[in-house]
Amino acid sequence: MKYAGRYFEDVQVGDEVTPLVKGPIQQIQLTRYAGASGDFNPIHQDPEFARNAGMGDVFAHGMLSMGFLGQALTDWAGAGRVCRFGVRFAALVRLKDTVTCTGRVVSKSSKDDAHLVELEVWAQNQRGEKVVTGKATVALPSRA
Amino acid sequence: MPIQINKDVKGREYPPYVITVERGKIKEFARAIGDPNPFHQDDAVGAASEWGDLIAPPTFAITFRHDDGGAMLRDLGTDISRVLHGEQEFELFRPIKPGETYLCRPRVADVYEKTGKSGPMAFVVRETVVTDRSNEIVATIRGVTVIRL
């Protein structure tokens with residue numbers, strides 16, 4: 001089952017987070033994300049506002065790309081496993097861009113009942129430029 | 001001419017606010033991302049899960065807004081047209097579920113200026129601690145807002 005997640009024992013350092021391809025980004029998704037998130041900054045909706053703000057055109061909410069990366073993480077680790085997730089927004093995502101989300105296992109540790117996996121995670125556009133970079137910690141169930 | 005921002009905002013606490021997690025809002029948020037995961041979308045799958053209900057996607061706490069940071073931007077002496085999102089971090093102590101009521105306490109942890117390749121910028125670090133009715137911590141939310149000066 002796709003959403004079953006995985007056990008701590010089945011993860012090795014160096015494992016790749018299954019890449020998730022999102023987009024091409026359309027205006028309607030930015031409008032929808034504004035409604036769902038409560039972030040109504042017109043810079044994501046109104047090309048004239050974005051131009052006057054010196055940004056050229058509208059661009060995607062950074063949080064939408066972080067949401068994509070969160071989806072890649074939960075697809076890979078299982079829902080409800082992410083306990084720390086931090087990113088830097090490195091470049092803007094524009095309309096028609098494609099965003100590919102992935103990551104890599106950096107370390108594993110167990111203490112008492114907590115089985116933690118540390119990952120580096122990132123999202124890149126269709127030109128291979130990193131748009132989001134960050135780290136995540138997931139707590140996985142153990143077979144033991 | 002670059003604008004001046006008010007660095008006295010550093011350390012300032014903003015009024016705590018209460019939010020109640022709505023079931024439909026979790027589903028709407030997952031749909032807006034385009035995430036079909038049934039643990040975020042399907043009540044029956046949620047009910048049968050180890051959490052006994054739907055759980056929110058990992059970035060859902062970004063919806064715990066009060067006034068869109070309007071008061072903070074005014075206090076800083078700027079407006080939304082100059083703002084970019086620099087960084088974001090969530091610490092999640094347990095999954096967020098529908099019907100739960102939380103207290104959110106925001107504060108400005110830091111304000112500093114730096115000149116980057118696109119000119120002078122201010123960085124505002126905002127941290128919000130989210131607790132439940134029994135005062136147990138549910139999440140911390142840390143965001144860095146970049147202001148183009």
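Each chain gets a letter, A, B and so on, in the order the sequences are listed, and its residues count up from 1.
- Interface remark: I62(B) contributes backbone and side-chain atoms alike to the contact with chain A (heavy atom separation under 4.5 Å).
- Comparing T140(B), I55(B), L92(B), V83(B) by how many heavy-atom pairs each has under 4.5 Å with chain A, the most go to L92(B).
- In this structure, no portion of K135(A) lies under 4.5 Å from any heavy atom of chain B.
- Between P38(B) and K2(A), every side-chain heavy-atom pair lies at or beyond the 4.5 Å cut-off.
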Apply side chain to side chain contact (heavy atoms under 4.5 Å, CB included) to the pair F40(A) and I80(B), showing each step before the final yes or no. CA-CA 10 Å; F40(A) 290 100; I80(B) 198 149; over 6 Å; no
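- By the rule that hydrophobic residues join a cluster once side-chain heavy atoms approach within less than 4.5 Å of another member, I3(B) and L76(B) end up as members of one cluster.
- Put simply, the side chain of R65(B) gets close to the backbone of S37(A): a donor and an acceptor are under 3.5 Å apart.
- A distance of 8.5 Å separates OG1 of T133(A) from CD of E87(B), quoted to the nearest 0.5 Å.
- With values rounded to the nearest 0.5 angstrom, T74(A) atom OG1 is found 4.5 Å from H40(B) atom NE2.
- The number of heavy atoms from other shown groups lying within 6.0 Å of OH (Y7(A)) does not exceed 12.
- For CD of Q26(A), the number of neighbouring non-hydrogen atoms (other residues, nucleotides, ligands) closer than 6.0 Å is 12 at most.
- Heavy-atom pairs under 4.5 Å with chain B were tallied for L30(A), V87(A), V82(A); the largest tally goes to V87(A).
- Heavy-atom neighbours of R133(B) CZ from other residues, nucleotides or ligands within 6.0 Å: at or below the threshold of 12.
- Heavy-atom pairs under 4.5 Å with chain B peak, among G134(A), C83(A), G86(A), at C83(A).
- Under the 4.5 Å side-chain heavy-atom criterion for ILVMFWY residues, no single connected hydrophobic cluster contains both W76(A) and V106(A).
- Distance CE/M63(A) to CZ/F29(B): 6.0 Å, rounded to 0.5 Å.
- When atom types are taken as modelled, the side chain of R148(B) and the backbone of A53(A) share a donor-acceptor pair closer than 3.5 angstrom.
- Clustering ILVMFWY residues whenever any of their side-chain heavy atoms sit less than 4.5 angstrom apart, transitively, puts M55(A) in a cluster other than the one holding V131(A).
- Comparing Q71(A), R32(A), H61(A), R88(A) by heavy-atom pairs within less than 4.5 Å of chain B, the highest count is held by Q71(A).
- Inter-residue side-chain proximity for F85(A) and T59(B) is flagged as met; some heavy-atom pair is nearer than 4.5 Å.
- Counted within 6.0 Å of CG on D113(A), heavy atoms from surrounding residues, nucleotides or ligands total 12 or fewer; the atom is thus considered open.
- No more than 12 heavy-atom neighbours from other residues, nucleotides or ligands sit within 6.0 angstrom of CD on E48(A).
- Highest contact tally toward chain A, considering only P57(B), P95(B), G34(B), P36(B), is held by G34(B) [criterion: heavy-atom pairs under 4.5 Å].
- Within 6.0 Å of CD in Q4(B) there are 12 or fewer heavy atoms belonging to other residues, nucleotides or ligands.
- By number of non-hydrogen pairs under 4.5 angstrom with chain A, the leading residue of I33(B), I96(B), T63(B) is I33(B).
- With a threshold of 4.5 angstrom between heavy atoms, P58(B) approaches chain A through side-chain atoms but not through N, CA, C or O.
- E91(B) has a carboxylate O that lies under 4.0 Å from a charged side-chain N of R84(A), or vice versa, which qualifies the two as a salt bridge.
- Counting heavy-atom pairs closer than 4.5 Å to chain A, the top-ranked of the candidates E89(B), R142(B), Q88(B) is Q88(B).
- Under a hydrophobic-cluster definition in which Ile, Leu, Val, Met, Phe, Trp and Tyr are linked whenever side-chain heavy atoms come within less than 4.5 Å, directly or via other members, I141(B) and L73(B) are assigned to different clusters.
- Proximity to chain A is limited to the side chain of L84(B), based on heavy atoms less than 4.5 angstrom apart.
- The cluster map of Ile, Leu, Val, Met, Phe, Trp and Tyr, joined by side-chain heavy atoms under 4.5 Å apart, puts M121(B) and F59(A) in the same cluster.
- In terms of heavy atoms, R81(A) sits closest to W51(B) at NH1-CZ2, 3.8 Å.
- Judged by distance alone, the side chain of Q29(A) and the main-chain N or O of A32(B) form a donor-acceptor pair under 3.5 Å.
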